[in-house]
Amino acid sequence: MASRALSQSIGMCTAMRSMVPMMQLRSYAKKAKKHGSSAAVAGSSVSDNAADFVRTFDQAKLQERMDGTLAHLKEQFSTMRIGRANPAILDNVRVRIDNTNFALRDLAQVTIRDPQTLLVSVHDAEFRTAVDKSIRESGLNLNPVIDNELIRVPIPKATKETRDKMSKVVSQMSEQMKAKIRTIRQDGMKQLKHDSKHAPADEIKKMEKLVQTMTEKHNKAIEDLIKAKVKEIQS
């Protein structure tokens, strides 16, 4: 009897020892499953953040801003007097009628009478005096003369002194435009820095090179405009 009891006791101990690894394995499996579930949740959160991310860099808008700056400089250059009659001189003149400002070109036709004279033909005779006053007070240092149904605008010949002053003004205007181009470039780089949090590094680097190329292209265009304008003024 004692021998049989001892045998049974040994058998139970052996069985319990064999169950311990199985229980540990099951416990490890549960922990691993729980850890895997947490990792999946974290991964899902990162994925959701990436999906919600909105890029701030817009190449088209950046191009539009730089092009607009260049166009503005061209417009400014076109209105600069260089001692010869040029209808574009009056492009920025505004005429105030009944508390509303109108562009002169919407109220009149400007033509060249001779190299030193512009003729302004106002569509409505009622506004002729207002147009004459607006040209006189435009800050262009012009003295129009009402001549029957037309307005004559004599353009004073430019002296060497006035040509040199105008060339200096051209350089100043171009530097202002270059400063605007630099500001636009900085805006683009800031946007790319923001986008780099989620966008691939090689893509960001490619866009940065593109912004730099756009900047150099527009700066060169400004330089070309300066040279052409100074040559025109001094000739």
* Presence of salt bridge, K160 and D164, under 4.0 angstrom ->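 So D164 pairs with K160 through a salt bridge.
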
* Asked: Should K220 and D224 count as an ion pair when the cut-off is N to O under 4.0 Å?
  -> yes

State, yes or no, whether a side-chain contact exists between [X] and [Y] at a heavy-atom distance under 4.5 Å.
| X | Y | value |
| --- | --- | --- |
| D67 | H218 | yes |
| R105 | D91 | yes |
| V170 | I226 | yes |

Got a donor-acceptor contact below 3.5 angstrom from the [X] side chain to the [Y] backbone?
| X | Y | value |
| --- | --- | --- |
| D147 | L150 | no |
| R182 | T215 | no |
| D58 | A60 | yes |

* Asked: V145, L104: one ILVMFWY side-chain cluster at the under-4.5 Å cut-off?
  ->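 Result: no, two separate clusters.
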
* Worked verdict on I89 versus V153 for side-chain contact (heavy atoms from CB on, under 4.5 Å) -> CA-CA 11 Å; I89 293 172; V153 185; over 6 Å; no

* Carefully, step by step, assess M66 and L70 under the rule side-chain contact (heavy atoms from CB on, under 4.5 Å). => CA-CA 6 Å; M66 289 190 177; L70 192 61; over 6 Å; no

Could you report the tightest heavy-atom contact between [X] and [Y], atom names first, then the distance?
| X | Y | answer |
| --- | --- | --- |
| R96 | S134 | N-OG, 4.0 Å |
| I151 | D132 | CD1-N, 3.9 Å |
| F57 | M207 | CE2-SD, 3.8 Å |
| R55 | D195 | CA-OD1, 3.5 Å |
| A85 | I155 | CA-CG1, 3.9 Å |
| P87 | L118 | N-CD2, 3.8 Å |

Nearest-0.5 Å distance that lies between atom [atom1] in [X] and atom [atom2] in [Y]:
| X | Y | atom1 | atom2 | result |
| --- | --- | --- | --- | --- |
| I233 | R84 | CD1 | CZ | 10.0 Å |
| L225 | Q76 | CG | CD | 11.0 Å |
| L119 | E149 | CG | CD | 12.5 Å |
| H194 | T56 | NE2 | OG1 | 5.5 Å |
| R128 | S121 | CZ | OG | 7.5 Å |
| D98 | F127 | CG | CZ | 7.0 Å |

* Take Q212 and E216 through the side chain to side chain donor-acceptor pair (under 3.5 Å) test and state the conclusion after the steps. => CA-CA 6 Å; Q212 184 60 34; E216 293 172 356; 3.2 Å; yes

Tell me whether the count of non-hydrogen atoms from other residues, nucleotides or ligands lying under 6.0 Å of [atom1] in [X] goes above 12.
| X | atom1 | result |
| --- | --- | --- |
| E64 | CD | no |
| Q234 | CD | yes |
| E161 | CD | no |

* Of R65, M214, M189, which meets side-chain contact (heavy atoms from CB on, under 4.5 Å) against I184? -> R65

* Can you name the one residue among K180, K229, M177 that meets side-chain contact (heavy atoms from CB on, under 4.5 Å) with L73? -> M177

